[in-house]
Amino acid sequence: MKCPFCQHANTQVTDSRLLDESNSIRRRRRCPACGQRFSTFETVEMRMPQVLKSNGCRVSFNPHKLHTSLARALHKRPVSAEKIDETVALIEQRIYRLGVKEIPSRMIGEMAMEELLKIDQVAYVRFASVYKSFRDVSEFARAIALLPPNGDTPTVSK
């Protein structure tokens, strides 16, 4: 680690501590050239995979875009903002655990539909109508017919 005071290339670690609340390590360092002391923090860098769009272009994963889509589907439904945040976090974790460098946008949409089906059937149909580009009322009727009675959770048909 380069000294921030004199730019000396090598500094010595004098103490390391794990910070529980942030899942990072704090290191106290000392520069042998100028004698100054300073702290550094080491954290894990988590990289989300690139999203492969249907037109072939690649974009960075944007959790805000996912949040906006879910919030639109859940608009005026009895679901809290915290539940939307939890759902976005859950989908992000699922994507990260796949361990891939690229993920098709279609797969993210399928994950969102699976989670919406668990939360609210009306929101599921709203999201599906946009995601699957419903063209007429008969497609809505087919989607509704696939919903389980009494709010049971089925697997999403693709």
Side-chain angles (χ1 to χ4, degrees), residues 1-2 4 11 13 16-29 38-158:
M1 171 66 64
K2 189 186 280 187
T11 57
V13 175
S16 292
R17 294 179 190 222
L18 182 63
L19 301 175
D20 293 328
E21 65 277 355
S22 65
N23 200 19
S24 61
I25 297 174
R26 176 181 179 260
R27 298 194 194 280
R28 281 297 289 159
R29 295 178 177 269
F38 60 98
S39 295
T40 59
F41 295 88
E42 185 177 313
T43 59
V44 174
E45 179 182 4
M46 295 177 53
R47 291 195 148 191
M48 293 299 285
Q50 290 283 299
V51 177
L52 182 59
K53 306 288 270 183
S54 57
N55 66 3
C57 72
R58 289 167 179 77
V59 296
S60 297
F61 175 76
N62 185 349
H64 179 69
K65 183 176 178 183
L66 178 60
H67 188 283
T68 300
S69 297
L70 294 175
R72 278 190 191 133
L74 289 159
H75 183 67
K76 293 192 177 184
R77 298 299 302 156
V79 177
S80 68
E82 290 80 22
K83 185 64 178 172
I84 298 171
D85 293 339
E86 289 171 17
T87 303
V88 171
L90 184 107
I91 293 170
E92 278 185 280
Q93 289 171 1
R94 286 179 63 188
I95 292 169
Y96 186 74
R97 275 188 262 144
L98 290 173
V100 296
K101 291 185 179 188
E102 292 181 346
I103 184 168
S105 60
R106 177 185 172 108
M107 189 179 287
I108 297 170
E110 296 292 336
M111 288 179 187
M113 288 197 327
E114 286 175 23
E115 295 306 318
L116 281 172
L117 190 55
K118 294 174 191 174
I119 298 168
D120 187 276
Q121 290 183 344
V122 172
Y124 166 79
V125 173
R126 286 178 179 171
F127 188 89
S129 71
V130 174
Y131 177 71
K132 294 183 177 184
S133 302
F134 288 0
R135 294 184 200 351
D136 57 42
V137 177
S138 67
E139 293 185 56
F140 277 96
R142 279 194 296 275
I144 292 168
L146 293 173
L147 293 175
N150 305 326
D152 296 336
T153 305
T155 56
V156 177
S157 65
K158 296 178 182 171

### Message
Could you report the tightest heavy-atom contact between Phe38 and Met1, atom names first, then the distance?
### Response
CE1-CG, 3.9 Å
### Message
Determine whether a donor-acceptor pair (N or O, by modelled atom type, separation under 3.5 Å) exists between the side chain of Ser24 and the backbone of Phe41.
### Response
no
### Message
Can you give me the closest heavy-atom contact between Val88 and His67, atom names plus distance?
### Response
CG2-CA, 3.7 Å
### Inter-residue atom distance Tyr124.OH - Glu115.CD, 0.5 Å rounding
12.5 Å
### Message
Nearest 0.5 Å, please: how far is CG in Leu74 from CG in Asp120?
### Response
6.0 Å
### Query
How long is the gap from OG1 on Thr40 to CD on Glu42, to the nearest 0.5 Å?
7.5 Å
### Query
What is the distance from atom NZ of Lys83 to atom CD of Glu86, rounded to the nearest 0.5 Å?
5.0 Å
### Summary
Heavy-atom nearest pair, Ala73 first then Phe127, reads CB-CB, 4.0 Å
### Summary
OG1 (Thr68) and CG (Asn62) are apart, to the nearest 0.5 Å, by 8.0 Å
### Query
Got a sec, which residues hit salt bridge (charged side-chain N to carboxylate O under 4.0 Å, His left out) with Arg26, two or more places apart in sequence or on another chain?
none
### Task
Starting at CG of Leu116, measure out to CZ of Arg126 and round the result to the nearest 0.5 Å.
10.5 Å
#### Entry: Results of salt bridge (charged side-chain N to carboxylate O under 4.0 Å, His left out) for Glu102 - residues two or more places apart only
Arg58
### Query
Can you name the closest pair of heavy atoms from Ile91 and Ala112 and give their distance?
CD1-CA, 3.8 Å
#### Entry: Main-chain N/O of Ile119 paired with Arg77 side-chain donor or acceptor, under 3.5 Å
no
